[in-house]
2 protein chains.
Amino acid sequence: MDKVGIKEIAAKANVSIATVSYVLNGTRNVRPQTKERVLKVIEELKYKPNNIAKSLKSKKTNTIGVIAEDITVFNVPEIIDGINEYADRYDLHIVLTNLRLHKRVGHNYSNIGAFRKYAENAVSDLLAKQVDGIIYIGIHPRDVTGLIDPGDTPIVYTYCYTKNELSIQYNDEQASYDAIEYLYKKGHHRIAVITGLMDSIPSRLRFNGYFKAVTDFELPFEPQLIKVGNWGLESGLKLTKELLELADPPTALLVMNDVMAAGSLRAARSMGVRVPEDLSLVGFDNREFSDYLNPRITTMNLPLHEMGYSSMRSLLRIIGGDEEHAAEQVPLCVLIERESVAPLVD
Amino acid sequence: MDKVGIKEIAAKANVSIATVSYVLNGTRNVRPQTKERVLKVIEELKYKPNNIAKSLKSKKTNTIGVIAEDITVFNVPEIIDGINEYADRYDLHIVLTNLRLHKRVGHNYSNIGAFRKYAENAVSDLLAKQVDGIIYIGIHPRDVTGLIDPGDTPIVYTYCYTKNELSIQYNDEQASYDAIEYLYKKGHHRIAVITGLMDSIPSRLRFNGYFKAVTDFELPFEPQLIKVGNWGLESGLKLTKELLELADPPTALLVMNDVMAAGSLRAARSMGVRVPEDLSLVGFDNREFSDYLNPRITTMNLPLHEMGYSSMRSLLRIIGGDEEHAAEQVPLCVLIERESVAPLVD
DNA sequence: CTTCCCCTTATAAACGTTTCCATAGATGGT
DNA sequence: ACCATCTATGGAAACGTTTATAAGGGGAAG
């Protein structure tokens, strides 16, 4: 099974390689009769194009490099799926680099320096592969400014924060604000919050939203209703207990991720507090399991698929030279109503 | 910022392009002094290699095509992560094709025919990109034999079933057998089972394991203890209720995925049956949330990372021409003990 | 019957590398 | 002093395409 290229086709069809190329790409008119003949030979010889050669000449690979800081982080696959949807439409291919952040440096981002060289390598490799552009999928809590240098290959960031570079990101602050507004409209006034780690950007932004809403709706601001968690279930459990042991416990609780919210549920159960009758609970992330818990918890959905899709669209705009219109409006987070919130009746 | 290639380096360093290539790859001895000079120019001009050209000449892309039937299916990212770990070690790159099976044809695999052309396209594209090999990540319940034709590009399948092709897959039957054995050793004899859809291969295999174990340990075989579910939470809930309403309900229950197991928990709670005191429960998949439920459920872990890793290793063996030793031993599933099983005391 | 133009097809250069082969100079054994 | 080796380097072909340019032939217009 010898390699059959355009040359072999040309020989067998008694035309020049140029002609074969023209029928292959429709770049130029070719007499129907000739075309037919060439096509037949292509069929016969089971010609398979070689995009490497094509790319070399045309300086276009139709390939986008996707760098994921960690593909096993729960939200990332859906973002990639969004990227894929767009890529499919435009016949683009994805070369995926998984930086495996967590497996390499664990969950402590302080020694992130050691990680930088992986990121840099990934970029070099991608550039060597002549990708037409790069999408960098962070893992949310980090500002990633200056981490890598893509030269003049277009890049867009998503699911992370940047200073000057374009980053496709939903609005954390708004999301959190909306959650509080929802609770407020259900009649709740004393609303507690369990944040994530406070050196994490989304944590701060979400807290901002909480604070803004509390202010806008003239809710009492009581520091003892604010608890700083660490994103883990145990922390949700412990802090919720503390909240419930208050002399005057809150009637509602916003927890900044679903994992901690699962902890809240456990705490409530252990103390005989009923959710939602005695305590309304809203989570964050709309993780699949939030629907499996008991009660099914009301939580804030993140527009992940759209973020992926938008990143791709932005990137292609930049590649197309339209840098100005690259910024994208990402759909808002929407609250998924389930069973963990009840209106407050006095 | 003109493109700087090997040619520009050669000119500026007063050597031939051949020499530049030799210092770049260390393919040949070059006088230290010359080497130095070339390296300096490379540095100065910020030379970035072009792997496209390299691949064209060398007929090696160092790229593996990964076709995922659906990257949003929960187990897939971890498999990819395993692939990545191996790829990193050997400086291989991944071009990822996500077939988006569920978003395209939903969860009803009967109209899978329409899906075939996506798979075929994916393969053609990958071949055009001259990948050195292909890994096909299915989504488990399907036999994928004959779906695609990779020509003579090496391929290995994983997380799906095949007839003659090499597929890296853990042992469903064994896993299920082990779960029953575990329950048996905890003193349980009347063990019920909730299967998945019975047109799914893992469902049948797992049932096989159950049946074998029941036979080996001389447990009573009572058909009313066998329920056929559909993988969804509601089905777990409903069937568990039926089981618990039996005149003589089982003391233990093996549920063939964690989602249905979440349903079982809900059923038990709604009927005032305590887990594990009144009913021992073991799930399947070791989904992250199985640790968040109440009680935390004991479940069967799948060696996903290893499957990815092994797939890659097998593939590289085939690429290296060692077809015989390509088959891999995939680590067994291991049961993760948590809180949902208690020993039976009479 | 020229002349011009258009339509179709061919020739060959180019893309950025690797690598085979050749060459020039140095070394060393006789 | 000569030939055989050996080392360091250069020249050029090749990988499979695309595409600029050229060329041949036919028809319409003069």
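Naming convention: chains lettered A, B, ... in sequence-line order (proteins, then strands); numbering from 1 in each chain. Hydrogens, waters and symmetry mates play no part in the numbers below; they use all other heavy atoms, side chains included.
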For atom CD of B/Glu44, is the number of surrounding heavy atoms from other residues, nucleotides or ligands below 6.0 Å larger than 12? yes
Short side-chain N/O contact from B/Asn51 to OP1 or OP2 of C/dT17, under 4.0 Å: no
Donor/acceptor link under 3.5 angstrom from A/Arg28 side chain onto base of D/dT21: yes
Please confirm whether the shortest side-chain N or O distance from B/Ser16 to OP1 or OP2 of D/dG11 is below 4.0 Å. no
Protein-nucleotide distance (B/Lys7, atom NZ; D/dG10, atom P), rounded to Å: 16 Å
Rounded to the nearest Å, what distance is computed from the CD1 atom of residue B/Ile52 to the P atom of nucleotide D/dC15? 18 Å
Check: A/Ile168 main-chain N/O paired with A/Thr158 side-chain donor or acceptor under 3.5 Å: yes
So, is B/Asn25 near the phosphate of C/dT18, with a side-chain N or O under 4.0 Å from OP1 or OP2? yes
Counting only heavy atoms not in A/Glu36 (residues, nucleotides, ligands), do more than 12 fall under 6.0 Å from its CD? no
Figure out the CG/P separation between A/Leu56 and C/dG16, and round it to whole Å. 7 Å
Can you find a side chain N or O atom of B/Tyr47 that sits less than 4.0 Å from OP1 or OP2 on C/dT17? yes
Check the distance between D/dT17's P and B/Lys54's NZ and give it to me in whole angstrom. 22 Å
Atom-pair distance (CD1 on A/Ile17; C1' on C/dT9), nearest Å: 13 Å
Taking the side chain as C-beta and beyond, is there a heavy-atom pair between A/Ile52 and B/Thr61 under 4.5 Å? yes
Less than 4.0 angstrom between a side-chain N/O of B/Ser21 and OP1 or OP2 of C/dT18, yes or no? yes
Without swapping roles, check the side chain of B/Ser310 against the backbone of B/Val330 for a donor-acceptor pair under 3.5 Å. no
How do A/Thr27 and B/Lys59 order along DNA chain D: which one's closest nucleotide is nearer the 5' end? B/Lys59
Take atom NZ of B/Lys60 and atom C1' of D/dC15, then tell me their distance rounded to the nearest Å. 16 Å
Answer yes or no: does a side-chain N or O of B/Arg31 lie under 4.0 Å from OP1 or OP2 of D/dT9? yes
Between the side chain of A/Asn51 and the main-chain N/O of A/Lys54, is any donor-acceptor distance below 3.5 Å? no
What is the distance, to the nearest angstrom, from the CG atom on A/Asn14 to the P atom on C/dA10? 8 Å
Is there, by distance only and without an angle test, a donor paired with an acceptor across the side chain of A/Lys57 and the base of D/dT18 below 3.5 Å? yes
Measure CD/A/Glu8 against C1'/D/dG16 and give the value in whole Å, please. 9 Å
Using OP1 and OP2 only, check whether a side-chain N or O of B/Asn29 sits under 4.0 Å from D/dT7. no
Would you say the side chain of B/Tyr22 and the base of C/dC20 hold a donor-acceptor pair, judged only by whether the two atoms sit under 3.5 Å apart? yes
Looking at A/Thr34, I'd like to know whether one of its side-chain N or O atoms comes within less than 4.0 Å of OP1 or OP2 on C/dT9. yes
OP1 or OP2 of C/dT18 versus the side-chain N and O atoms of B/Ser58: is any pair under 4.0 Å? no
